[in-house]
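Below you'll find the structure, written out as structure tokens, and then a few comments.
We count ligands from 1, going down the list as the structure has it; atoms in each ligand are counted the same way. We number each residue from 1, following the sequence as shown.
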Amino acid sequence: MTDLTPQQLAEACAESMFARDTATQALEMEIVCVSPGRASIAMAVSPRMIQGHGNCHGGYIFTLADSAFAFACNTYNAVTVGAGCTIDYLAPAKLGDRLTAYAVERSRSGRTGIYDVSVENQHGTPIALFRGRSHQVRGTLLPESPEMEASA
Ligand SMILES: CC(C)(COP(=O)(O)OP(=O)(O)OC[C@H]1O[C@@H](n2cnc3c(N)ncnc32)[C@H](O)[C@@H]1OP(=O)(O)O)[C@@H](O)C(=O)NCCC(=O)NCCSC(=O)Cc1ccccc1
């Protein structure tokens with residue numbers, strides 16, 4: 001994997017993670033783009049996501065933001081988990097809305113990272129702001145070398 005550019009590495013990490021991420025797949029989320037320290041993920045608000053006030057349940061908005069956070073902090077081929085996060089819901093999302101979560105790395109130092117995620121609807125209306133704190137654990141997402149890939 002040493003011959004990949006940072007952008008190619010980010011894309012390979014996202015592809016590898018998404019293939020195993022049944023939670024993100026089950027909500028029919030789509031990776032719009034990834035780059036080192038950044039990820040954008042989109043999700044349509046479907047009928048099963050609607051809560052008792054007729055709006056999108058916050059848990060689904062949180063999951064969308066959390067997935068964008070996950071893909072952004074795992075763009076360096078180092079297994080990284082979410083250690084903490086907060087969310088503010090700014091405006092309701094409605095049935096049929098297409099929400100996009102934009103995750104941006106604010107800091108990465110040692111094994112800790114801070115990522116801000118903004119969630120917007122298809123009109124660009126801010127729906128939520130999320131901040132995640134990541135923690136790098138041991139392991140890589142991709143095989144380290146063709147030899148390892150062959151023996152996997
Ligand atoms: C890891 C830490 C955050 C800090 O622990 P510390 O002890 O202070 O630091 P230390 O570095 O020593 O940690 C070593 C420990 O790390 C663990 N570990 C090792 N490998 C893995 C691994 N592959 N996967 C998971 N954990 C792994 C293992 O227990 C190991 O202990 P051991 O050495 O075996 O005894 C811990 O509180 C934790 O696991 N929290 C739950 C995190 C969680 O589940 N978040 C889910 C919600 S976020 C989400 O779903 C979306 C999302 C995805 C991705 C990104 C963003 C968002």
Side-chain angles (χ1 to χ4, degrees), residues 1-2 4-46 48-51 55-93 97-121 126-152:
M1 291 298 157
T2 50
L4 297 183
T5 65
Q7 177 61 30
Q8 289 170 328
L9 185 65
E11 289 173 7
C13 288
E15 189 180 341
S16 166
M17 251 187 30
F18 187 75
R20 298 189 295 261
D21 188 344
T22 51
T24 296
Q25 289 175 30
L27 293 175
E28 299 184 357
M29 292 182 198
E30 172 200 342
I31 299 177
V32 178
C33 61
V34 291
S35 59
R38 290 176 178 247
S40 304
I41 311 267
M43 177 186 80
V45 178
S46 64
R48 66 178 168 170
M49 299 178 184
I50 301 302
Q51 37 80 315
N55 302 316
C56 183
H57 194 293
Y60 291 102
I61 299 170
F62 184 99
T63 304
L64 174 65
D66 201 19
S67 287
F69 166 42
F71 282 94
C73 71
N74 280 279
T75 47
Y76 304 104
N77 196 24
V79 175
T80 303
V81 299
C85 39
T86 59
I87 193 165
D88 289 292
Y89 299 107
L90 308 177
D97 278 355
R98 178 178 163 87
L99 305 180
T100 305
Y102 302 91
V104 178
E105 185 178 282
R106 296 296 186 204
S107 163
R108 192 166 69 105
S109 176
R111 293 196 291 152
T112 300
I114 299 291
Y115 294 79
D116 281 337
V117 185
S118 59
V119 179
E120 298 178 1
N121 68 15
I127 298 295
L129 289 174
F130 170 110
R131 171 163 284 187
R133 178 168 53 86
S134 67
H135 183 94
Q136 184 182 322
V137 295
R138 61 181 172 276
T140 57
L141 291 161
L142 306 172
E144 282 299 313
S145 66
E147 292 75 24
M148 284 179 66
E149 200 163 0
S151 63

| query | Does some non-hydrogen atom of the protein lie less than 4.0 angstrom from atom 34 (O) of ligand 1? | reply | yes
| query | How does C73 reach ligand 1, by side chain, by backbone, by both or by neither, if only non-hydrogen atoms under 4.0 Å count? | reply | side chain
| query | In the protein, which heavy atom is nearest to atom 30 (C) of ligand 1, and how far is it? | reply | R138 NH1, 4.4 Å
| message | Please report the interatomic distance CG(N55) to CD1(I50), rounded to the nearest 0.5 Å. | response | 7.0 Å
| query | Can you find an N/O atom of Q136 closer than 3.5 Å to an N/O atom of ligand 1? | reply | no
| message | Taking distance alone, with N or O pairs closer than 3.5 Å, would you say G82 contacts ligand 1? | response | yes
| Would you say atom 39 (O) of ligand 1 touches the protein, meaning some protein heavy atom is under 4.0 Å from it? | no
| query | Got a sec: does the CD of E15 have more than 12 other heavy atoms crowding it under 6.0 Å? | reply | no
| query | Quick one: does atom 44 (O) of ligand 1 have a protein heavy atom under 4.0 Å from it? | reply | no
| said: Any protein heavy atom at under 4.0 Å, with atom 55 (C) of ligand 1 as the reference point? | reply: yes
| message | Distance check, rounded to the nearest 0.5 Å: S118 atom OG versus F130 atom CZ? | response | 12.0 Å
| query | If you count the atoms of ligand 1 from 1 in the order shown, which ones are under 4.0 Å from a heavy atom of A83? | reply | 3 (C)
| task | Look at atom 25 (C) of ligand 1 and find which of V81, L141, N74 reaches it with the closest heavy atom. | result | V81
| Can you check whether V45's main-chain N or O pairs, donor with acceptor, with D97's side chain at less than 3.5 Å? | no
| said: When you measure from atom 28 (C) of ligand 1 to the protein, is at least one non-hydrogen atom found at a distance under 4.0 Å? | reply: no
| message | Counting non-hydrogen protein atoms only, what is the nearest one to atom 5 (O) of ligand 1? Give residue, atom name and distance. | response | H135 NE2, 4.5 Å
| field | Atom indices of ligand 1 within 4.0 angstrom of A70 heavy atoms, with elements | value | 52 (C), 53 (C), 54 (C), 55 (C), 56 (C), 57 (C)
| note | Heavy-atom closest pair (Y60 atom, M43 atom, distance to 0.1 Å) is O-CE, 3.8 Å
| task | For atom 50 (O) of ligand 1, find the nearest protein heavy atom and state the residue, atom name and distance (0.1 Å precision). | result | D66 OD2, 4.0 Å
| Right, does atom 16 (O) of ligand 1 have protein non-hydrogen atoms nearer than 4.0 Å? | yes
| said: Looking at Q25 and E30, would you say the former's side chain and the latter's main chain have a donor-acceptor pair under 3.5 Å? | reply: no
| said: Please check whether T80 reaches ligand 1 - meaning an N/O of the residue sits under 3.5 Å from an N/O of the ligand, judged on distance alone. | reply: no
| Does N74 reach the main-chain N or O of A70 with its side chain, forming a donor-acceptor pair under 3.5 Å? | yes
| field | Protein residue, atom and distance nearest to atom 19 (C) of ligand 1, heavy-atom basis | value | V137 CB, 3.8 Å
| SG on C85 to CZ on R131, rounded to 0.5 Å | 12.0 Å
| request: Could you grab the distance from atom CG of N77 to atom CG of L9, nearest 0.5 Å is fine? | output: 5.0 Å
| T112 side chain to S109 backbone, donor-acceptor under 3.5 Å | no
| request: State whether a side-chain donor-acceptor pair under 3.5 Å links T24 with S67. | output: yes
| message | Please report the interatomic distance NE2(H135) to SG(C73), rounded to the nearest 0.5 Å. | response | 11.5 Å
| query | With only distance considered, is R111 within less than 3.5 Å of ligand 1 through an N or O on each side? | reply | yes
| message | Heavy-atom distances under 4.0 Å decide this one: backbone, side chain, both or neither, for V79 against ligand 1? | response | side chain
| query | Protein heavy-atom contact under 4.0 Å for atom 8 (O) of ligand 1? | reply | no
